[in-house]
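One structure is given below, encoded as structure tokens.
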Amino acid sequence: MDMVLPLFVVLPLLSSAFAVMAPWKWARDLLHLLIPALSLGAGAWLFWYTAEHGTLGHNVGLFPGGVAIPFVADAFSAVMIITTSLVALCANWFATVSGETRARFYPALTLVLITGVNGALLTADLFNFFVFIEVMLLPSYGLIAMTGTWSRLAAGRTFVLVNLTASTLLVVGVGFVYATTGTVNMAALRGAAEGNGPAVVAMGLVLIAISAKAGIVPVHTWLPRTYPGTSAAVMGLFSGLHTKVAVYMLYRIYVIIFDLSDRWNTLIVVLMVVSMLIGGFAGLAENSIRRVLAYQMVNGMPFILVMLAFTTGDAQRALAAGLLYALHHMVTVGSLVLASGAIEETYGTGLLSKLSGLARRDPWVAAVFAAGAFSVVGFPPFSGLWGKVTVVLSVAREGGWASWLVIATIVVASFAALLAMFRVWRAVFWGRPMQHVSDTLRVRPALVAPAAALLAVSVLMFFAAGPLMGGLHAATEALLDVQSYQESVLGVAQ
């Protein structure tokens with residue numbers, strides 16, 4: 001069964017070629033919806049199989065472990081494939097409905113992006129992780145600047161410069177890792193950062209580069225300045241894929257290579273606390289819906305990554321809490337971005353100053369946005385409640401000054417998120433009806449449907465929290481089972 005793993009990369013890549021050559025728009029649209037749907041189903045199968053049979057590994061070309069290009073899957077990577085595929089499916093659905101796919105190469109570029117995401121989530125090699133990151137980035141450059149408007153070109157320029165710099169730092173760090181340890185295979189690098197100063201410095205460069213791609217303070221400012229400059233479909237796609245692939249690898253590296261060392265806990269706590277506060281309050285100064293939401297992305301990342309500092313006790317529970325928040329964040333922010341996109345497609349703007357009274361005019365999109373805002377803040381019956389409760393409980397279990405600081409910051413940052421969401425609601429959905437638009441102009445239900453679908457998943461996560469947490473505990477147990485990971489990649493545990 002291990003030979004199915006390369007298909008997660010091969011199938012979307014071949015489909016992108018067919019999408020380029022297909023002369024029919026309906027065929028291209030079908031492909032860019034079918035492939036993420038197939039990836040979603042295959043990810044569900046992969047989760048079931050790895051939960052039953054353990055970690056699955058495959059060396060391309062059947063070369064020996066440590067020499068071949070390795071693909072490896074466990075329940076943790078399967079969960080990430082499921083969620084990224086779900087967000088990609090809904091973002092592509094919105095792109096189809098909104099007419100974004102009139103640009104011939106849009107479907108092909110999204111399929112190449114999915115290729116890179118699946119490869120990055122399945123590779124067990126740091127250099128090949130860099131390669132798949134580049135596979136993700138190249139189509140992303142095209143997607144950002146697809147229409148050629150000045151705002152998109154400006155956003156694209158910043159996006160390209162930041163990611164080229166981060167990628168250069170990443171490949172330099174990977175090169176130093178090879179120079180100091182003789183390998184870039186993650187299974188062979190188990191515990192390499194403990195007691196090896198040069199390896200720690202080399203891995204530090206890798207982590208800084210990945211953190212920049214994740215939008216962690218202080219290397220975060222590019223994200224709220226580039227994502228809102230794209231279309232809503234592209235921002236929805238990026239929100240669930242780019243930063244979350246970085247989160248996945250930060251978790252994987254910290255478990256395997258740093259062996260959950262507690263020597264970095266203070267640094268992690270300080271960085272994540274600052275990230276929470278900046279992400280929570282900075283959105284209050286923005287002037288458009290999607291710029292406010294971009295800072296909610298910055299605000300959400302530290303909730304996920306701060307759990308790496310609270311693994312000295314029950315590491316499985318702490319990482320499961322972080323993973324649950326990651327899934328909630330992907331689904332909820334994706335829903336909010338697509339809902340704001342439905343408004344922009346209808347009224348031609350997302351500026352807070354130019355919108356008013358939509359709660360009476362478009363009650364369905366208002367309901368979806370309000371529900372997404374409740375989920376971001378952490379109100380029931382949405383996934384955000386359990387996401388924040390599990391994080392707080394896991395942090396509190398450790399005790400000490402760090403726990404008090406993080407919990408207090410979570411409360412303050414959540415209040416800031418509430419203020420930011422209320423500001424958007426008051427400006428866009430309350431107030432007088434807009435006078436400069438036709439009374440017959442309404443947001444089409446088809447435009448709201450993708451956002452509503454993601455929101456329905458958030459509600460399902462709330463009511464199915466028990467089984468969901470059981471699955472996430474299985475995922476984090478697989479993540480922590482480094483011996484099985486080694487055996488699958490190298491053929492033997494070291």
- [ ] Could you tell me whether the side chains of Ser488 and Thr55 share a donor-acceptor contact shorter than 3.5 Å?
- [x] no
Open item on the list: Go through it in stages, so that I can follow the logic: the residues are Glu487 and Arg190, the test is salt bridge (Lys or Arg N to Asp or Glu O under 4.0 Å), and I'd like the CA-CA distance, side-chain angles, deciding distance and then a yes or no.
Closed with: CA-CA 12 Å; Glu487 291 174 349; Arg190 179 180 184 180; over 6 Å; no
Open item on the list: Using side-chain heavy atoms (C-beta onward) and a distance below 4.5 Å, is Leu319 in contact with Val255?
Closed with: yes
Open item on the list: In terms of relative ring orientation, are Trp48 and His53 parallel, tilted or perpendicular, with 30° and 60° separating the classes?
Closed with: perpendicular
Open item on the list: Rounded at 0.5 Å granularity, tell me how far CZ in Arg290 sits from CD1 in Ile343.
Closed with: 11.0 Å
- [ ] Give, for atom CG of Asn92 and atom CD1 of Ile35, the distance between the pair rounded to the nearest 0.5 Å.
- [x] 11.0 Å
Open item on the list: Do Tyr248 and Arg252 pair up side chain to side chain, a donor and an acceptor below 3.5 Å, judged on atom types alone?
Closed with: yes
Task: Candidate pair Val174 and Leu170, rule side chain to side chain contact (heavy atoms under 4.5 Å, CB included), full reasoning - done: CA-CA 6 Å; Val174 170; Leu170 176 59; 4.3 Å; yes
TODO: Assess whether side chain to side chain contact (heavy atoms under 4.5 Å, CB included) is satisfied between Val217 and Met301, documenting all intermediate values.
DONE: CA-CA 10 Å; Val217 173; Met301 300 304 292; over 6 Å; no
Open item on the list: Checking the side chain of Glu286 only, and the main-chain atoms of Arg291 only, is there a donor and an acceptor separated by less than 3.5 Å?
Closed with: no
- [ ] Please confirm whether the backbone N or O of Val391 pairs with a side-chain atom of Ser394, one donor and one acceptor, at under 3.5 Å?
- [x] no
- [ ] Could you grab the distance from atom CG of Leu324 to atom NE2 of His329, nearest 0.5 Å is fine?
- [x] 13.0 Å
TODO: With the side chain counted from C-beta on, respond yes when Val184 and Phe129 share a heavy-atom pair under 4.5 Å apart, and no when they do not.
DONE: no
Open item on the list: Check this for me: Arg225, atom CZ, are more than 12 non-hydrogen atoms of other residues, nucleotides or ligands nearer than 6.0 Å?
Closed with: yes
Task: Side-chain donor/acceptor of Ser340 to backbone N/O of Ile289, under 3.5 Å - done: no
- [ ] Let me see the working for Leu138 and Val112 under side chain to side chain contact (heavy atoms under 4.5 Å, CB included), right down to the final yes or no.
- [x] CA-CA 9 Å; Leu138 289 175; Val112 177; over 6 Å; no
Task: Flag, side chain of Thr476 to backbone of Leu472, donor-acceptor distance under 3.5 Å - done: yes
TODO: For Lys244 and Ser239, test the side chains for any donor-to-acceptor distance below 3.5 angstrom and give the result as yes or no.
DONE: no
- [ ] Please say whether more than 12 non-hydrogen atoms of neighbouring residues, nucleotides or ligands are located less than 6.0 Å from OH in Tyr178.
- [x] no
Task: Within 6.0 angstrom of Trp386 CH2, more than 12 heavy atoms from elsewhere - done: no
Open item on the list: So, applying side-chain contact (heavy atoms from CB on, under 4.5 Å) with Leu122, which one of Ile81, Asn128, Val72 is it?
Closed with: Ile81
- [ ] Looking only at non-hydrogen atoms, find the nearest pair between Ala73 and Leu5 and report the distance.
- [x] CB-CD2, 3.8 Å
TODO: Tell me, yes or no, whether the heavy-atom count around Tyr141 atom OH, taken from other residues, nucleotides or ligands under 6.0 Å, exceeds 12.
DONE: yes
Open item on the list: Run Ser167 and Glu134 through side chain to side chain donor-acceptor pair (under 3.5 Å) and show every step you take.
Closed with: CA-CA 8 Å; Ser167 294; Glu134 294 307 297; 2.6 Å; yes
Open item on the list: Could you report the tightest heavy-atom contact between Phe71 and Pro6, atom names first, then the distance?
Closed with: CD1-CG, 4.3 Å
Open item on the list: Check whether Thr115 reaches the backbone of Leu111 with its side chain - one donor and one acceptor, N or O, closer than 3.5 Å.
Closed with: yes
Task: Rounded distance [0.5 Å steps], OG in Ser383 versus CG in Leu468 - done: 9.0 Å
- [ ] Mind telling me whether Phe76 and Tyr251 have parallel, tilted or perpendicular rings, with 30° and 60° as the class edges?
- [x] parallel
- [ ] Taking Tyr254 for its side chain and Ser261 for its backbone only, find out whether a donor-acceptor pair lies under 3.5 Å.
- [x] yes
Open item on the list: Consider side-chain contact (heavy atoms from CB on, under 4.5 Å). Of Leu241, Leu40, Val117, Leu38, which one does Ser85 pass it with?
Closed with: Leu40
- [ ] Kindly compute the distance separating CG (Leu113) from CG (Leu137), expressed to the nearest 0.5 Å.
- [x] 9.0 Å
Task: Side-chain donor or acceptor of Arg104 paired with backbone N/O of Ala22 under 3.5 Å - done: yes
Open item on the list: Is there a side-chain contact between Ile69 and Asn59 in this structure, where contact means two heavy atoms from C-beta onward sitting under 4.5 Å apart?
Closed with: no
Open item on the list: For a quick test of reading the model, state the closest non-hydrogen atom pair linking Gly240 to Val87 and the distance between them.
Closed with: CA-CG1, 3.9 Å
Task: Residue pair Ile216 / Ser275: nearest heavy atoms and the distance that separates them - done: CG2-OG, 3.8 Å
Open item on the list: I want to know whether Phe238 and Phe159 have ring centres closer than 6.0 Å.
Closed with: yes
Task: Minimum side-chain heavy-atom gap Leu46-Leu56 below 4.5 Å - done: yes
Open item on the list: The test is side chain to side chain contact (heavy atoms under 4.5 Å, CB included); show your working for Phe132 and Met136 and say whether it passes.
Closed with: CA-CA 6 Å; Phe132 284 118; Met136 292 172 55; 5.7 Å; no
Open item on the list: With heavy-atom distances below 4.5 Å as the criterion, would you say the side chains of Leu13 and Val135 are in contact?
Closed with: no
- [ ] Look at the side chain of Asn299 and the backbone N and O of Gly279, then say whether any donor-acceptor pair between them is shorter than 3.5 Å.
- [x] no
Task: Whether Trp264 and Phe258 hold their rings parallel, tilted or perpendicular, with breakpoints at 30° and 60° - done: perpendicular
Task: Heavy-atom donor-acceptor pair, Ser335 side chain to Val331 backbone, under 3.5 Å - done: no
Open item on the list: Nearest 0.5 Å, please: how far is CG in Leu161 from CZ in Arg157?
Closed with: 7.5 Å
Task: Test applied, side-chain hydrogen bond (donor to acceptor under 3.5 Å, both in side chains); reference residue, Thr96; option that passes from Lys25, His32, Arg102, Arg28 - done: His32
- [ ] Determine whether Pro36 and Ile114 make a side-chain contact, defined as any pair of heavy atoms from C-beta on separated by less than 4.5 Å.
- [x] yes
Task: Close side-chain approach of Lys388 and His328, heavy atoms under 4.5 Å - done: no
- [ ] Decide whether Thr50 and Asp74 meet the rule of one side-chain donor and one side-chain acceptor closer than 3.5 Å.
- [x] no
Open item on the list: Checking Ser140 against His242 for the side chain to side chain donor-acceptor pair (under 3.5 Å) test, could you report, in this order, the C-alpha distance in whole Å, the side-chain angles of both residues, the deciding distance, and whether it holds?
Closed with: CA-CA 10 Å; Ser140 300; His242 274 283; 2.8 Å; yes
Open item on the list: Do Leu11 and Asn118 make a side-chain contact, defined as non-hydrogen atoms from C-beta onward lying under 4.5 Å apart?
Closed with: no
Open item on the list: For a quick test of reading the model, state the closest non-hydrogen atom pair linking Ala19 to Leu31 and the distance between them.
Closed with: N-CD1, 3.7 Å
Task: Donor-acceptor contact present, side-chain Gln316 to main-chain Leu480, <3.5 Å - done: no
TODO: Compare every heavy atom of Ala108 with every heavy atom of Val20, then report the nearest pair and how far apart it is.
DONE: CG2-CB, 3.5 Å
